[in-house]
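Before any comments, here is the structure.
Residue numbers begin at 1 in each chain, while the letters A, B, ... track the order of the sequences.
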Number of protein chains: 2
Amino acid sequence: MTKTAMPSPEAIKVWARLMRVSRQLIEQGEEALKDSGLPPLAWYDVLHELAEAGEGGLRPFQLTERTLFAQYNISRLLARLEADGLVEKLKVADDGRGQTIRISAKGRETRRRMWAVYGRSITELVGHKLSADELSTVSALLGRLRLPPAMD
Amino acid sequence: MTKTAMPSPEAIKVWARLMRVSRQLIEQGEEALKDSGLPPLAWYDVLHELAEAGEGGLRPFQLTERTLFAQYNISRLLARLEADGLVEKLKVADDGRGQTIRISAKGRETRRRMWAVYGRSITELVGHKLSADELSTVSALLGRLRLPPAMD
DNA sequence: AGATTATAGATGCAATTGCATCAAGCTTGA
DNA sequence: TCAAGCTTGATGCAATTGCATCTATAATCT
C-alpha cells in the first residue's frame, strides 16, 4: 500500500483552473447552442462519435466508453435521439442483447449546425487566446493527464 | 461585426482534451467522495469559498459569481447545506433582501474531510503526471483561457 | 448439457437541475 | 415622493440524472 500525498500548490492551481475553464467552456457552449435553438452539448458529443464511426455505427457500450457518460445516461439519450430521428437503432447479428447505433442524414445535418455554433465558442474561448505553439504545448501536457495518456 | 472563424485543429485538440480531462477529474473525485460517504463535489466548492471568506461570510450572489453555479442552484444548495448544519444564514443589516452565509465549525470539518479525499484524487490525476515546471506551464496557459484572465 | 457468472441495455423511483417566474427590497429619476 | 425598473433570492413544474435493479443473452466452468 503506497501513501498518496496531498497535492502540491502547483497541482492545485492546475486543477482549479482546469475546473474553471472547462465549466466556462461548457456554459458558454450550451448558451450559444440554446440561443440558436439547437440541442444541448451532450447530443453533440454522441453525434460526433457516431459521425466519426461512419456507416458501421457504434454499440451503446462503446459510446459509454468514449464519451464517459454513464450507461443509463447513454441509454436514455439514445432514446431521445432516436425519437428525434437523429439516429437509428439496428439489431446486431452476432449478439442478441446488443444493437448498433447509426447516425442518420438528419443527425449529420444537426451535428453540422451544432458545430457551426459550438466551434465559434471554441475559437473565441480557446483559439483566440493562445498562439499555435502554446496550444500545442497545452494539448501535449493535457494529453498526459488523460486516461489513458494520449501518445502524440 | 467581426466574423469568427472556425477553430484550428490545435484549438480543437485543446478543447477536446480539456473536456475529457475535466470530466475524468470530476468523475473520479465524485466517486472517491461517495466511497468515503462524503457529500458531492458541489458542496466542496461552496464550502471552500466560504472557508476562504472567513467570518465575514459571503452573500449568495457572490457564491454564484465565484463558483459559476446558476443562481437557483446556489439557492437550493445552500438550503441543503443549512439543513445539514454546515452553514448559517445571517440577516444582513444594510440590505433587507440579502443574507450572509457563513460556514460553521461542522462545515469546516466536513470540508477538511472532503479535501483529504479529493486532494488525493488531484495528486494522482494531476500532481503525479507532470513535473513542477510542467504544472506551472499548464496553469499559466490555462490562466489565459480563464474569464477574466488570471494575471500571474 | 446444465448451472453459474458476466455483459448489454432498459427502467422505476428519488434527487437534482433548468426554466420561468415570483415576491420583496432597493434605486433612480421625473 | 412615488412609479418604474433593477437586484436578490426563492420556488412550481418539467426534464434530466443517479441509483438500484431488472431482463435477456453470452460466456465460462464442471
Side-chain angles (χ1 to χ4, degrees), chain A residues 23 26-46 49-50 53 57-84 86-102, chain B residues 23 26-46 49-50 53 57-84 86-102:
Chain A
R23 216 174 275 179
I26 290 166
E27 188 177 298
Q28 302 223 0
E30 294 282 16
E31 188 186 328
L33 288 169
K34 187 142 44 67
D35 289 350
S36 301
L38 290 165
L41 267 181
W43 291 36
Y44 181 81
D45 287 349
V46 169
E49 293 297 337
L50 289 173
L58 286 176
R59 301 278 302 266
F61 75 89
Q62 295 178 297
L63 284 168
T64 299
E65 291 163 2
R66 297 180 193 206
T67 61
L68 305 184
F69 289 142
Q71 180 270 320
Y72 53 78
N73 236 323
I74 287 291
S75 177
R76 297 201 254 226
L77 189 39
L78 289 175
R80 282 173 233 148
L81 288 170
E82 189 187 28
D84 259 48
L86 304 183
V87 306
E88 299 167 299
K89 295 186 175 182
L90 312 169
K91 275 203 188 64
V92 57
D94 58 330
D95 187 338
R97 296 165 297 187
Q99 49 189 306
T100 295
I101 310 296
R102 192 166 62 194
Chain B
R23 216 173 276 179
I26 290 166
E27 190 178 295
Q28 302 223 0
E30 294 282 15
E31 189 185 329
L33 288 169
K34 186 141 45 65
D35 289 351
S36 302
L38 290 166
L41 266 182
W43 291 36
Y44 181 81
D45 288 348
V46 169
E49 293 297 337
L50 290 173
L58 286 176
R59 302 277 302 265
F61 75 89
Q62 295 178 298
L63 284 167
T64 300
E65 292 163 3
R66 297 180 194 206
T67 60
L68 305 183
F69 289 142
Q71 179 271 320
Y72 54 79
N73 237 323
I74 287 291
S75 176
R76 296 201 254 223
L77 189 39
L78 289 175
R80 282 173 233 148
L81 288 170
E82 190 187 26
D84 260 47
L86 304 184
V87 305
E88 299 167 298
K89 296 187 176 183
L90 312 170
K91 276 205 187 64
V92 57
D94 58 329
D95 188 338
R97 296 164 299 187
Q99 50 189 307
T100 296
I101 309 296
R102 193 167 60 194

(request) Shoot me the first and last contacting nucleotide of DNA chain C against chain B, ordered 5' to 3', at under 4.0 angstrom to non-hydrogen atoms. (result) C:dT16 to C:dC26
[X] side chain to [Y] main-chain N or O, any donor-acceptor pair under 3.5 Å?
X        : Y       : value
A:Arg102 : A:Leu58 : no
B:Glu30  : B:Pro40 : no
A:Arg23  : B:Thr67 : yes

(request) Can you spot which of A:Asn73, A:Leu86, A:Leu63 makes a side-chain contact (heavy atoms from CB on, under 4.5 Å) with A:Leu78? (result) A:Leu63
(request) Could you please name the option among D:dA10, D:dA26, D:dT8 that lies closest to any side-chain atom of A:Arg97? (result) D:dA26
(message) With heavy-atom distances below 4.5 Å as the criterion, would you say the side chains of A:Asp45 and A:Phe69 are in contact?
(response) yes
(message) I want to check something: taking the side chain as every heavy atom from C-beta on, are B:Trp43 and B:Leu33 in contact at a cut-off of under 4.5 Å?
(response) no
(request) Report which part of the nucleic acid B:Gln99 touches: base, sugar-phosphate, or nothing (heavy-atom distance under 4.0 Å, all strands). (result) sugar-phosphate
(request) Check every strand shown and say whether A:Arg76 touches a base, only sugar-phosphate, or nothing at a heavy-atom separation below 4.0 Å. (result) base
(request) Go through residues 28-39 of chain A and report each residue with a non-hydrogen atom lying under 4.0 Å from DNA chain D, sorted by number. (result) none
(request) Provide the closest heavy-atom pair for B:Val92 versus B:Gln99 in the form atom of the first, atom of the second, distance. (result) CG1-N, 3.6 Å
(message) Assuming nearest nucleotide by heavy-atom distance, tell me which of A:Trp43 and A:Asp94 is located more 5' along DNA chain D.
(response) A:Trp43
